[in-house]
Amino acid sequence: MSLIQPLPPGPLDIVGDIHGELHALLDLLRHLGYDADGRHPQSRTLVFVGDFVDRGPDSPGVVDVVQRLVEAGHARAIAGNHEINLLRHDAKDGAGWFFDARLDSDLRKYRQFARATTTLQRARIETFLNSLPLGLEREDLRVIHAAWHAPDVAKARSMPLGGARAAYDHWETQAAQIAVQRRIAERMAEEKNRWPHSLEDGERHPPFLQAHCDNELNKATVNPLKVLTCGLERQTHAPFFAGNKWRFVERMAWWEQYAEPTPVVMGHYWRSTLPHQSTQEGLFSDISPYAWHGQLGNVFCVDYSVGARAQARTFDQPHAHMKLAALRWPERTLVFDDGSQHATTGFLQPEKNTAHSA
């Protein structure tokens, strides 16, 4: 069994990034018609695209729900980049619910949040997250967290299920060896001396830090699991602040080069329900909020930025447009946690590929 697993047959409800928003998840499941045990009167199956944790008010509660539904056989789930960060103990923004090192800084941005505090609870969370695949597929559909990139999917197929953390560490070691050859760490230290501020300080605009850029691109290029969970990246023209950090690489709209006939549903990219998309990289600036996209019109991002709610609440900013969504397949209808529904548009795949598997 590999890190790419089969999707179950029948109709699906594919849920976007949750980021600790437990109440949004429970509301969405109710609007979708699932009972407390994850059963549906039409025998539908839930599929979660990853990023269950970080930033929101109850990451442990979200993991509890997802794990219970998966283990009951009523849901499938894949890991996203936030799950990989947790497994590798790479404490990033919003992970103060699990890592003490992030607690003080996160409380300033996300107010109060439930924490995983007992050894047993933390071990259970890590064991479950490490058991998840990174991709799901069947003849008519593929599900991935960030990018369905054929060469890297092929590598993931050869990696055993339950080995995501070990495989990721293996590829990070390979990237580290290349970084040594390129003197990346030394050059990053030199940049730190010249600009000693935190990259999470949004008030201080850094110069372009080439070594920091090279470090991120090196990892993204070498590590296939990083591609699947973080997407394809390239050097940007100028630093920009996103996800509470200054960045020197930008995400690529890989779907513009995706020429395979099988549709792909993903999360990760912080789409918006607003008419004018406002992601930092502008990936959806020319795409309507409910449209399929890509070269063949057969890729759909189901992440509608519910992960930004927690910080918006902290600073009393508007957040009604930040929603948790599910894409119903094969109907291609969106259902949001507030109960609203929208038909998607622009799906160009031949009709013979839209029928769900028997």
Side-chain angles (χ1 to χ4, degrees), residues 7-53 56 61-63 65-70 72-80 82 132 135-138 140-146 263-273 284 288-293 298-309 320-347 354 356-357:
L7 275 165
L12 309 173
D13 291 313
I14 308 166
V15 179
D17 304 32
I18 304 169
H19 284 296
E21 294 288 345
L22 177 60
H23 290 303
L25 172 60
L26 297 178
D27 287 342
L28 178 61
L29 297 183
R30 177 169 50 84
H31 290 305
L32 289 169
Y34 290 87
D35 67 16
D37 296 319
R39 290 186 294 258
H40 196 279
Q42 298 171 349
S43 298
R44 305 184 70 90
T45 302
L46 288 160
V47 178
F48 296 99
V49 303
D51 277 10
F52 313 115
V53 301
V62 170
V63 175
V65 170
V66 172
Q67 181 175 1
R68 177 167 52 82
L69 299 181
V70 168
H74 301 309
R76 301 291 189 276
I78 59 176
H82 283 255
L132 298 177
L136 298 166
E137 63 179 347
R138 66 187 195 191
D140 66 324
L141 189 65
R142 293 164 170 170
V143 177
I144 199 78
H145 182 68
V264 177
V265 178
M266 62 185 178
H268 189 62
Y269 291 96
W270 293 74
R271 204 170 184 179
S272 174
T273 60
F284 299 101
S288 71
Y290 311 119
W292 290 74
H293 40 93
N298 65 347
V299 178
F300 196 90
C301 176
V302 73
D303 176 7
Y304 281 86
S305 302
V306 76
R309 272 188 191 173
H321 61 285
M322 302 168 183
K323 300 183 180 184
L324 181 62
L327 178 72
R328 313 206 90 162
W329 183 267
E331 299 89 344
R332 305 194 302 276
T333 300
L334 279 170
V335 179
F336 290 102
D337 65 290
D338 61 4
S340 61
Q341 298 188 31
H342 294 270
T344 62
T345 61
F347 186 75
T354 66
H356 62 266
S357 300

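The side chain to side chain donor-acceptor pair (under 3.5 Å) test applied to Thr345 returns no partner, not counting sequence neighbours. By the side chain to side chain contact (heavy atoms under 4.5 Å, CB included) test, His74 is found to be paired with Arg39, Ala72, residues two or more places apart in sequence or in another chain being considered. In this view, Ala146 and His268, Tyr269 satisfy the side chain to side chain contact (heavy atoms under 4.5 Å, CB included) rule, not counting sequence neighbours. Applying the side chain to side chain contact (heavy atoms under 4.5 Å, CB included) criterion to Thr344, with sequence neighbours excluded, gives Trp292, Phe300, Leu327, Arg332, Leu334. Residues satisfying the side chain to side chain contact (heavy atoms under 4.5 Å, CB included) criterion with His321, sequence neighbours excluded, are Ser272, Thr273, Leu274. Applying the side chain to side chain donor-acceptor pair (under 3.5 Å) rule to Glu137 yields the partners Arg157; only residues at least two apart in sequence or on another chain are considered. Legend: residues meeting salt bridge (charged side-chain N to carboxylate O under 4.0 Å, His left out) with Asp303, ordered by chain and number and at least two apart, are absent. Contacts of Gln341 classified as side chain to side chain donor-acceptor pair (under 3.5 Å), with partners at least two apart in sequence or in another chain: none. Scored by the ring-ring contact (aromatic ring centres under 6.0 Å, His included) test, His40 finds Tyr34 as partners (sequence neighbours excluded). Residues passing the ring-ring contact (aromatic ring centres under 6.0 Å, His included) test with Phe336, sequence neighbours excluded: Tyr304, His342. Taking the salt bridge (charged side-chain N to carboxylate O under 4.0 Å, His left out) definition, one finds that Arg76 meets it with nothing, sequence neighbours left out.
Annotation for Trp270 and Gly307: closest pair CH2-C, 3.4 Å, computed over non-hydrogen atoms. Of all heavy-atom pairs spanning Leu132 and Ala79, the tightest one is CB-N, 4.0 Å. Heavy atoms only, all atoms of each residue included: Ala24 and Asp337 are closest at O-CB, 3.4 Å. Considering every non-hydrogen atom in both Pro11 and Gln42, the closest pair reads CG-O, 4.2 Å. Of all heavy-atom pairs spanning Ala77 and Val66, the tightest one is CB-CG1, 4.1 Å. Nearest heavy-atom pair across Thr45 and Pro8 is CG2-CG, 3.8 Å.
Partner of Arg142 under the side-chain contact (heavy atoms from CB on, under 4.5 Å) criterion, out of Leu136, Asn298, Val264: Val264 alone. Phe48 pairs with exactly one of Asp17, Val65, Ile78, Leu25 by the side-chain contact (heavy atoms from CB on, under 4.5 Å) rule, that one being Leu25.
Between Arg328 and Asp13, the closest side-chain pair of non-hydrogen atoms falls below 4.5 Å. Side-chain contact between Val265 and Leu12: absent, with no pair of heavy atoms (C-beta onward) separated by less than 4.5 Å. Using a 4.5 Å heavy-atom cutoff, the side chains of Val143 and Leu7 are in contact. Counting heavy atoms from C-beta outward, Val53 and Val62 have side chains that stay 4.5 Å or more apart.
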Check the pair Arg271 / His293 against side-chain contact (heavy atoms from CB on, under 4.5 Å), numbers first and verdict last. CA-CA 12 Å; Arg271 204 170 184 179; His293 40 93; 3.9 Å; yes
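Rounded to the nearest 0.5 angstrom, Ile14 CD1 and Met266 CE are separated by 12.0 Å.
Judged by distance alone, the side chain of Arg68 and the main-chain N or O of Ala36 form a donor-acceptor pair under 3.5 Å. At least one donor-acceptor pair closer than 3.5 Å links the side chain of Asp51 to the backbone N or O of His82.
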